Amino acid sequence: MKANEFKAMSVEELTKKIADLKEELFGLRFNLAIGKLDNVMQITAVKRDIARAMTELSAKTKA
């Protein structure tokens, strides 16, 4: 996702999206461990999305 998409979300939506992304990251790491992950860059992309969402959530809670 792009940063603009996270900026359009509310605090509740961001919290839910972060939880969903963390679940997705867990699944990707699990698949990597058992050898079924084809594209390892998916892990990096999900980590970046989590960071973007957490940054936006932090900015919205401070404002």
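Nothing here was measured: the structure is a model prediction, and the numbers come from that model.
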A.B. asks: For residues 10-20, pull every pair meeting salt bridge (charged side-chain N to carboxylate O under 4.0 Å, His left out), keeping only residues two or more places apart or in separate chains.
C.D. replies: K16-D20
A.B. asks: Can you name the closest pair of heavy atoms from D49 and F6 and give their distance?
C.D. replies: O-CZ, 3.6 Å
A.B. asks: Give, for atom CZ of R52 and atom CG of N4, the distance between the pair rounded to the nearest 0.5 Å.
C.D. replies: 10.5 Å
A.B. asks: Under 4.5 Å between side-chain heavy atoms, counting indirect links through other Ile/Leu/Val/Met/Phe/Trp/Tyr residues: same cluster for I18 and M1 or not?
C.D. replies: yes
A.B. asks: Could you give the side-chain donor-acceptor pairs of residues 53-62 under 3.5 Å, partners two or more places apart or in another chain?
C.D. replies:
{"residue": "T55", "atom": "OG1", "partner": "A51", "partner atom": "O", "Å": "2.8"}
{"residue": "K60", "atom": "NZ", "partner": "K7", "partner atom": "O", "Å": "2.9"}
{"residue": "K60", "atom": "NZ", "partner": "M9", "partner atom": "O", "Å": "2.2"}
{"residue": "T61", "atom": "OG1", "partner": "L57", "partner atom": "O", "Å": "3.1"}
{"residue": "T61", "atom": "OG1", "partner": "S58", "partner atom": "O", "Å": "3.0"}

A.B. asks: Show the atom names and distances, to 0.1 Å, of all donor-acceptor pairs under 3.5 Å that link a side chain in residues 28-48 to residues at least two apart or in another chain.
C.D. replies:
{"residue": "N31", "atom": "ND2", "partner": "G27", "partner atom": "O", "Å": "3.4"}
{"residue": "N39", "atom": "OD1", "partner": "M41", "partner atom": "N", "Å": "3.2"}

